[in-house]
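Starting from 1, each residue takes its place in the sequence as its number.
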Amino acid sequence: MARASAKVILFGEHAVVHGRVAVAAALDRGAKASASFDAQRSVLELEPWGRVSYADDADDEVGRAYAAVLEAAGARRAVRTQASVDVPGGAGLGCSAAIGVAVVRALAEAAGEALDDDEVCRRATAWERVFHGNPSGVDVAIAARGGVLAFKRGEPPRPLHPPFDVPIAVAFTGECSSTKSMVEHVARQLERRPEVVGRSLDGIDVLATKGAAAIEAGMWHEVGRLMDLNHALLAGMMLSTEKLEQACNLARQAGATGAKLTGAGGGGCAIALAPMGAAAILQAWRGVGFDCFEARIGPRVVILGGGEAR
Ligand code: PMV
């Protein structure tokens, strides 16, 4: 069974599309997949949605993404892939990248091919492009590698090594958004007001760089403070929503050291850093009806091909 991690972005979503630094952390949740060459027609079966997509169905976006991965893998025979994921889609948790990476690994396993992480990411990027148009690559990098990464477009990802794992709380607002349209929304703002928006992106770059250093030093209060500032800059780019603001504010009142939206924004999830434990934050969120869970982030959080940590 092949696996790949879902993720949160601690710093730098959107800015990373425009060449700035991002910091992403894997969750101990994500996607798994297996593949076999027992099909007449290449098909991808996706749970929990009970979705069946054929690679030769050009009207089906998932089918097109599957076809792109098969092409990147150079597959010549029909192949059936079964995949499942345990995070919501369209919620900023890297659901699609996790599925893409798990599918790439499953196909390689079935073909008896050994792939390094770079090749996994190259193939999974073909999948991501179908959904996201202009993906920075941060989602597939963290889905494939796990742990915590500093990522800049066009450069090898840099693993970060905080001294210990910490709890993080994740709230799903129940609102889904399209990463592609949120990325286009920021690109339009950048085109219209290059100086103002460029300054926000530069500000996020500074926060991400300082955040990476604070993570490596295990200075979680400082990490949280920088996350709050990153959230304010994202909100200034109209990426937050009332529910995301409510989730972040409740988390801060309940003792989070920092809170922000994660991923594309416009809905999706809020995250709250909780080095002292996430129970009070989860209670506050549940009190107003948010779906939420606690996870851990850190260098040892990883779900890899064979499920083993490294
Ligand atoms: O796909 P999401 O919503 O988990 O977030 C992706 C992060 C973005 O920076 C918004 C897009 C990208 O390609 O980096």
Side-chain angles (χ1 to χ4, degrees), residues 4-16 22-31 48-49 85-99 131-132 135-136 138-139 142-143 148 166-183 185-186 204 211 223-224 227-228 230-235 237-254 256-274 278-297 301 303:
S5 306
K7 63 98 209 350
V8 292
I9 296 186
L10 298 174
F11 299 102
E13 49 274 273
H14 289 287
V16 68
V23 177
L27 297 176
D28 49 1
R29 311 179 163 225
W49 304 286
V85 66
D86 61 3
V87 290
L93 298 180
C95 175
S96 93
I99 298 169
F131 302 108
H132 295 339
S136 66
V138 65
D139 280 14
I142 191 73
V148 187
V166 288
I168 192 157
V170 181
F172 181 37
T173 60
E175 308 161 324
C176 292
S177 76
S178 145
T179 300
K180 188 166 189 247
S181 49
M182 299 314 289
V183 166
H185 166 74
V186 172
I204 292 174
V223 176
M227 284 168 62
D228 283 344
N230 192 159
H231 179 79
L233 288 173
L234 293 168
M237 289 192 277
M238 323 287 266
L239 293 164
S240 192
T241 63
E242 263 178 49
K243 284 196 172 169
L244 284 167
E245 290 305 308
Q246 185 190 17
C248 290
N249 289 334
L250 282 172
R252 291 179 193 121
Q253 285 158 19
T257 56
K260 63 183 277 295
L261 67 83
T262 184
C269 289
I271 54 172
L273 197 62
I281 299 167
L282 297 179
Q283 196 185 1
W285 282 342
R286 288 194 181 116
V288 295
F290 284 125
D291 255 354
C292 51
F293 63 90
E294 178 177 345
R296 298 189 75 76
I297 56 168
V301 178
I303 339 179

State, with a plain yes or no, whether a side-chain heavy atom of [X] is found less than 4.5 Å away from one of [Y].
X	Y	result
Val183	His14	yes
Phe290	Val288	yes
Val170	Cys292	no
Ile142	Ser5	no
Leu234	Glu13	yes
Ile204	Met237	yes

*What residue among Ile271, Val23, Thr262 forms side chain to side chain contact (heavy atoms under 4.5 Å, CB included) with Met227?*
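The single option meeting the side chain to side chain contact (heavy atoms under 4.5 Å, CB included) with Met227 is Ile271.
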
Ignoring hydrogens and geometry, is there a side-chain-to-backbone donor-acceptor pair from [X] to [Y] under 3.5 Å?
X	Y	answer
Thr173	Cys269	no
Trp285	Ala247	yes
Asp28	Ala295	no
Lys260	Ile9	yes
Thr241	Gly266	no

Can you tell me how far the [atom1] atom of [X] sits from the [atom2] atom of [Y], to the nearest 0.5 Å?
X	Y	atom1	atom2	result
Thr257	Asp228	OG1	CG	8.0 Å
Glu294	Ile168	CD	CD1	10.0 Å
Met182	Leu239	CE	CG	5.0 Å
Ile297	Leu10	CD1	CG	4.5 Å

Heavy-atom closest contact ([X] atom, [Y] atom, distance):
X	Y	value
Gly94	Asp139	CA-OD2, 3.9 Å
His231	Arg252	CD2-NH2, 4.0 Å
Ala256	Ile281	CB-CD1, 3.7 Å

*asked:* For a side-chain contact (heavy atoms from CB on, under 4.5 Å) check, start with the C-alpha distance between Phe293 and Leu27, then their side-chain angles and the critical distance, and finish with the verdict.
replied: CA-CA 11 Å; Phe293 63 90; Leu27 297 176; 4.2 Å; yes

